[in-house]
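Heads up: the structure comes next, in structure tokens.
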Amino acid sequence: MTPADALLAAAVDAAPLLIVDARGCIVMSTQGCATMFGATPGDLQGRPVDDLAPGFDLDATLAAGEFTWNGRDGDGRVFPLKVWVSPARGDPDHGWVALWMVDISIAYAAEAHSRDLQDQLARVWRVNSLGEMAASLAHELNQPLAAAAAYLHTAQTNLARHGLPDDEAGRNVGLAKAQLLRAGGIVRRLREQLTPEARAFEVDRVSLMISDLGGILGMIERDGGVTLEIDIDDADDAVQADRIQVQQALINLVRNAVEAVSGQPARRIRLCGRRLDRTCYQLSVEDSGPGVAPEHVDAIFRPLMTTKRAGMGLGLSVTRKIVEAHGGTLEVDRSPLGGAAFRFTLPGDQSREAAA
Amino acid sequence: MTHPVFVIDDDDGMRDALVEMLGAEGITARGFASGVDFLERLPDAESACVLTDVRMPGLSGVDLVQRLLEAKGARWPIVVITGHAEVTTAVALMKAGVVDFIEKPFEPQRLIEAIRGSLKLIEWRRNRAEAAEAVRQGLARLSPRERQVFDALVEGRSSKEIAANLSISPRTVEIFRSNVMHKMGAANLPALIRMSLHIEQV
């Protein structure tokens, strides 16, 4: 055997390969493939592929070129198995086919986790935005309700001054005022009911929160056609936070950044994390978009204010609520990338500070 | 005398309704559309009550309160109206020195009482300041010996004790005592003790 042949043999043996005949029986298995099924190459020889992937259909797989089956190993564990086929065309007599088999359960699990997290974020978003809507509506409605009640009170005072405190008009004015105050009470209760439940703050690591979001951030990056740099200092990143809420805040900011850079020649977004001092850790989302004009800085945080065609203008106000619930403030300034930089801080791990 | 009430609210309807309502109560009220507007055209009233909304664009109510307290201090008591009670804001405002805090929507009578209360507070603070000034002037007229007798009297010491402490005769103490009462304008010992309570602020 030449050194090159030996190397090739080793490479093939490590690869998850099966050679099967036209009836779907295993002619040969590499070590790599046998290990995946908890067997030795010798165990597998002569057995039908059906033993490894129940219901395996060689013709269907050949027609499709690749196919995903459920694999089953020696311990009975079932896992998603992706199979690529390659017929040995140079040898039509035997009708042998090479199968490349990959256990894709890890990729499946990652995808399932991303999907779960996305569902969870969507739920949190609904609760948050509903609360924000209710708060905003309560504020807007309370103004005219309180004004109307004050006007009616004035009317009562004036009627009394004209010596008509108990006449029918005065009584009706009083009743109308009471109804307005009742409406105010309804609005207030609605707001209280839709205020998100008390938040659970736990010691967590920023780097873990962000790596957890990896799948979703990757998707946003691909779909948005942007370059997302993630630069998280993970040396000392323990914080006291409600993970899903902070993730929500970050996703909101990243989504905004994607919208800000769309249509721009450079589409860069940077997600940065730095420990500022012992009591706080700063997160920032920066972009290469047009930035926020100084005269709009106040307005962008207000609920139901939006410059976008889609959306209700709740994103930044919800994000700010989350940041404030963590004792921080959401600030916006200019990024070195050219666009906006949104920054906020999370409190450090207090149990550790107390011990230090 | 009646002090003016300055109403600061960015909502036109709310502001007008408040000015009208206070007017009907015989209270002089004037509206301002924003904290910035109010600070720019700050009326030069010696004392006044300020009624302001917390959540306003531009200068927030909390910032306005801080600026006013710096500029006008206790002579301009502040009543705050908020859309919804946020505990942290409420605590910060009360600590800053706001005299009352009203959540919207409010029972109008409740707001009127808060305003009347703060207008009374102006009078009370003024009377107290005048009393303190009178005490300060009285104390300035006392000789060093008389001041020693004053301090001992308001501590509740008897003439005998004072005489022993100052090594003078009880009869001399009686003379000093009557000079102190006269110069301070105090009718009796309880009145003199009440005056001593103003000393800290003099």
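Reminder, nothing fancy here: chain letters follow the sequence lines and each chain counts from 1.
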Taking all non-hydrogen atoms of both residues into account, name the closest pair between [X] and [Y] and its distance.
X: B:Asp9; Y: A:Gln143; answer: OD1-NE2, 4.3 Å
X: B:Pro108; Y: A:Ala149; answer: CG-O, 3.5 Å
X: B:Pro105; Y: A:Gly184; answer: CG-CA, 3.4 Å

Point to revise | Neighbour count >12 (heavy atoms, 6.0 Å) for atom CZ, B:Arg67 | key: no

Point to revise | B:Leu22 versus chain A, the contacting section by heavy-atom distance below 4.5 Å | key: neither

Do [X] and [Y] have side chains that approach each other closer than 4.5 Å (heavy atoms only, starting at C-beta)?
X: B:Leu111; Y: A:His153; answer: no
X: B:Glu20; Y: A:Tyr151; answer: yes
X: A:Leu181; Y: B:Phe106; answer: no

Side-chain donor-acceptor contacts of residues 173-182 of chain B below 3.5 Å, not counting sequence neighbours, with atom names and distances?
unit_1	atom_1	unit_2	atom_2	d
B:Glu174	OE2	B:Ser159	OG	2.7
B:Asn179	ND2	B:Glu146	OE2	3.4

**Study point:** Interatomic spacing from NZ in B:Lys104 to NE2 in A:His139 - rounded to 0.5 Å
**Key:** 6.0 Å

**Study point:** Atom pair CG/CE of A:Asn142 and B:Met14 - distance to nearest 0.5 Å
**Key:** 9.5 Å

Review point. Any donor and acceptor pair, going by atom type alone, linking the side chain of A:Arg161 with main-chain N or O of B:Ala24 inside 3.5 Å?
Key: yes

Practice item. List in chain and number order the residues that pass side-chain contact (heavy atoms from CB on, under 4.5 Å) with A:Ala134, two or more places apart in sequence or in another chain; answer none if no residue qualifies. Key: A:Leu194

